[in-house]
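Quantities reported herein were computed from a predicted structural model and do not represent experimental measurements. Note that ligands are numbered from 1 as they come in the structure, with each ligand's atoms numbered from 1 the same way.
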Amino acid sequence: MTKQAYEKPTIIKHTGGLANKFGRGISRRTLSRIDGIPVTSLIEEHGSPLFVFSEHRIRQRYREAYRAFSLRYPKVQFSWSYKTNYLDAICRIYHDEGSWAEVVSEMEYEMARRLGIPGDKILFNGPYKPKPALARALDEGAKVHLDHYEELYQAEQIAKEHGKKYPVSIRVNMDTGIHPRWDRFGFNYDNGEALDAALRLHTGGHLYLDGLHCHIGTFILEPDAYRQAASKLAALAKEVRNKTGMPISYIDVGGGFASRSTLHEQYAPGTDSSPPIDDYAEAVTSALLEAGFGADEMPTLMLETGRALIDDAGFMLTRVVGNKRLADGRRAMVIDAGVNVLFTSFWYRHDVLPVIDRGGMLEETVVYGPLCMNIDIVRPSVHLPPLEVDDALVIRPVGAYNVTQWMQFIRLRPKVVLIGTEGQVDLIREAETVDTIKHLEKTPPRLSARSADE
Ligand SMILES: *Cc1c(COP(=O)(O)O)cnc(C)c1O
């Protein structure tokens with residue numbers, strides 16, 4: 001008979017099935033399969049840590065969202081936000097579903113072009129578009145969203161140099177009741193700057209105003225903020241139409257819808273508290289329908305939603321590498337995935353679910369990553385059963401931003417696999433090697449001549 005590992009006795013308040021202050025009792029949850037594929041076999045084959053994406057979930061969430069908007073409004077176009085996740089295979093799924101590309105840098109612009117997306121299906125956002133990138137985008141017919149006056153001026157110069165008149169759009173920021181207010185991007189609506197920019201652009205004679213754009217923030221839990229944003233953009237569109245005689249062809253309300261993740265400071269889990277996509281759709285489309293556009297001048301509604309579409313399609317598989325007791329008696333655990341690959345742990349209380357539960361008391365546990373860095377905390381506190389070294393865990397939802405914000409600090413980035421809709425498991429990004437990291441470096445010959453042991 002094997003001896004049981006020692007576990008400190010703990011007292012857990014019995015909630016008798018009633019909700020505690022976090023909205024629910026402490027439950028014992030495990031997750032052993034993703035889309036029917038056993039987590040342990042994924043780790044056996046590909047190692048851990050391992051990012052896993054579900055094609056089924058990606059397509060399902062996209063279709064749900066597209067349907068929510070297109071049921072309520074006649075002309076709808078989604079554009080996939082590259083910075084939320086720009087792995088080629090992932091972008092291709094969205095493009096296959098009919099999504100255009102939304103990019104915020106020349107790097108992302110090039111990524112979209114390489115995937116065969118034509119310029120006129122790329123929305124180019126961001127506060128810095130180097131002149132050659134801006135010139136290329138204008139020439140290729142991209143939907144360029146101007147961020148500030150210098151950029152407007154630069155676009156005009158390019159139009160003059162090329163002897164052409166280009167369509168452009170402006171990014172607009174505004175008060176929608178949301179804090180912090182993102183007023184650093186684009187032209188302000190409330191103080192009249194956005195209207196001035198539109199008129200300035202029109203009278204310059206080298207550009208014409210094609211659309212109006214805003215992106216009010218991220219993980220916005222208040223659908224009404226979008227009603228306000230859409231009404232303000234619609235009012236601006238009508239004002240520009242009255243003053244210049246030119247209708248606007250699209251209104252782009254950006255992204256920022258909350259996924260079902262949970263912020264650290266939220267009580268209830270995101271699965272209960274994040275509004276359904278229909279609520280956002282209702283807010284945006286009713287504002288546009290009520291704005292009083294003529295039937296022939298209804299602008300196309302553009303959306304750039306990122307996290308709400310991808311977050312719960314992404315999972316991190318990881319393993320326990322050590323258990324310990326902290327000096328204050330708390331149970332702690334070290335796992336092989338840290339904030340290097342789970343950057344969103346800083347803001348979100350991700351689910352950390354064991355693959356198997358062998359019983360034993362649930363105990364509040366600090367979950368640390370493998371970095372030699374004090375801030376490498378995946379969950380400051382989560383109730384877990386006793387787990388042994390090598391036991392697997394699943395962390396979710398991690399589909400948004402982690403594979404673009406991940407960093408190469410002391411560890412190599414792991415493999416990424418995609419589970420296809422038929423249950424096939426495909427590698428979509430290889431694990432890094434030391435060569436991946438070192439191949440860009442150059443050592444001056446005077447330093448490479450001698451080896452360390454001479
Ligand atoms: C990041 C970003 C998005 C996507 O935001 P989510 O919060 O992921 O939906 C859309 N548009 C712009 C301009 C962005 O910068």
[atom]: which protein heavy atom is closest, and how many Å away?
atom	value
atom 8 (O) of ligand 1	Tyr401 OH, 2.6 Å
atom 7 (O) of ligand 1	Thr218 OG1, 2.4 Å
atom 14 (C) of ligand 1	Lys83 NZ, 2.8 Å
atom 10 (C) of ligand 1	Glu304 O, 3.3 Å

Looking at [X], which atoms of ligand 1 are within less than 4.0 Å of one of its heavy atoms?
X	value
Ser81	3 (C), 4 (C)
Arg171	13 (C)
Thr84	8 (O)
Gly255	9 (O), 10 (C)
Thr305	9 (O)

Sequence neighbours excluded and cut-off under 3.5 Å, please list the side-chain donor-acceptor pairs for residues 33-46, or say none.
unit_1: Arg33; atom_1: NH1; unit_2: Gly36; atom_2: O; d: 2.8
unit_1: Asp35; atom_1: OD2; unit_2: Ser54; atom_2: OG; d: 2.6
unit_1: Ser41; atom_1: OG; unit_2: Pro38; atom_2: O; d: 2.9

Self-check item: Distance-only N or O hit between ligand 1 and Gly256, under 3.5 Å
Solution: yes
Practice problem: Would you check whether Phe219 has a nitrogen or oxygen atom less than 3.5 angstrom from a nitrogen or oxygen atom of ligand 1? | Solution: no
Quiz item: Quick one: is the NZ or CZ of Lys129 closer than 6.0 Å to the six-membered ring centre of Phe124, and within 45° of its axis?
Solution: yes
Quiz item: Hey, is Lys164 close enough to Glu161 for a salt bridge, meaning N to O under 4.0 Å?
Solution: no
Practice problem: Look at the rings of His95 and Tyr82 and say which category their plane angle falls in: under 30° parallel, 30 to 60° tilted, over 60° perpendicular. | Solution: tilted
Exercise. Only pairs at least two apart or in different chains count here, so list each salt bridge (Lys or Arg N to Asp or Glu O under 4.0 Å) that has a residue in residues 204-228.
Key: Asp224-Arg227
Exercise. For the pair Asp376 (side chain) and Asn374 (backbone), establish whether a donor and an acceptor sit closer than 3.5 Å, ignoring hydrogens and angles.
Key: no
Quiz prompt | Distance, nearest 0.5 Å, that separates CD of Glu239 from CD1 of Ile248 | solution = 10.5 Å
Quiz item: Side-chain donor-acceptor pair under 3.5 Å between Asp183 and Asn173, yes or no?
Solution: no
